[in-house]
Amino acid sequence: VQLQASGGGLVQPGGSVRLSCAASGSIFSFNSMGWFRQAPGKQRELVARITSGGRTQYADSVKGRFTISRDNAKNTVFLQMNSLKPEDTAVYYCYADVPPLYWGQGTLVTVSS
């Protein structure tokens, strides 16, 4: 399985960005997919995940601001990020827990004025 992440960039505080993670094959049966992030000098942390059944889980720091969704027909998972804060600045990594675990390349999101 190959994962291609896209959508990062520079955004102002309070702004929005949508990340996409496209898989090379069908994601219908994957246990879960989601996003981790790693800020400079910090450990990688789970941001959001979505299971094959559509259940979602979010880090407390992003609840109410971020929304994860999946489009099985497009083999893609999305992370809609709203009300962005400077502390959301990080490299965002998508993953797929088939199993086994696969990682996409990181995409940098910078929240700054």
Steps toward side-chain contact (heavy atoms from CB on, under 4.5 Å) verdict (Y95, W35): CA-CA 6 Å; Y95 79 91; W35 298 86; 6.0 Å; no

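Between V1 and L3, some side-chain heavy-atom pair lies under the 4.5 Å cut-off. Contact check for F30 versus N75: no side-chain heavy atoms found under the 4.5 Å cut-off. Using a 4.5 Å heavy-atom cutoff, the side chains of L84 and V17 are in contact. Residues V47 and Y92 are in side-chain contact: their nearest non-hydrogen atoms beyond the backbone lie under 4.5 Å apart. Residues R44 and Y93 form a side-chain contact, since some pair of their non-hydrogen atoms from C-beta on lies under 4.5 Å apart.
For residues 36-100, the pairs satisfying disulfide (SG to SG under 2.5 Å) are C21-C94, with sequence neighbours left out.
Nearest approach of A23 to I27, heavy atoms of both residues: CB-CG2, 3.5 Å. Scanning all heavy atoms of the two residues, the minimum distance from S20 to T76 falls at CB-CG2, 4.2 Å. When all heavy atoms of V77 and R70 are compared, the closest pair comes out as CG2-CB, 3.9 Å.
Remark: side-chain polar atoms of S24 are paired, donor with acceptor, to backbone N or O of Q2 under 3.5 angstrom.
If you chain together hydrophobic residues whose side chains sit under 4.5 Å apart, V11 and L79 fall into the same group. Both F66 and L19 belong to a common hydrophobic cluster when Ile, Leu, Val, Met, Phe, Trp and Tyr are linked at side-chain heavy-atom distances under 4.5 angstrom.
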Taking distance alone, no hydrogens or angles, what donor-acceptor pairs closer than 3.5 Å link side-chain atoms of residues 56-65 to residues at least two apart or in another chain?
unit_1	atom_1	unit_2	atom_2	d
Q57	OE1	R49	NH1	3.2
Y58	OH	I68	N	2.9
D60	OD1	K63	NZ	3.1
S61	OG	R37	NH2	3.3
R65	NH1	S83	O	2.9
R65	NH1	D88	OD2	2.7
R65	NH2	S61	O	2.8
R65	NH2	D88	OD1	3.0
R65	NH2	D88	OD2	3.4

Listing, residues 96-113 side-chain donor-acceptor contacts under 3.5 Å, not counting sequence neighbours, or none:
unit_1	atom_1	unit_2	atom_2	d
Q105	OE1	A5	N	3.2
Q105	NE2	A5	O	2.7
T107	OG1	G8	N	3.2

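Donor-acceptor pairing under 3.5 Å is recorded for the side chains of S16 and N82.
Heavy atoms of other residues, nucleotides or ligands lying less than 6.0 angstrom from CD of E87 number more than 12.
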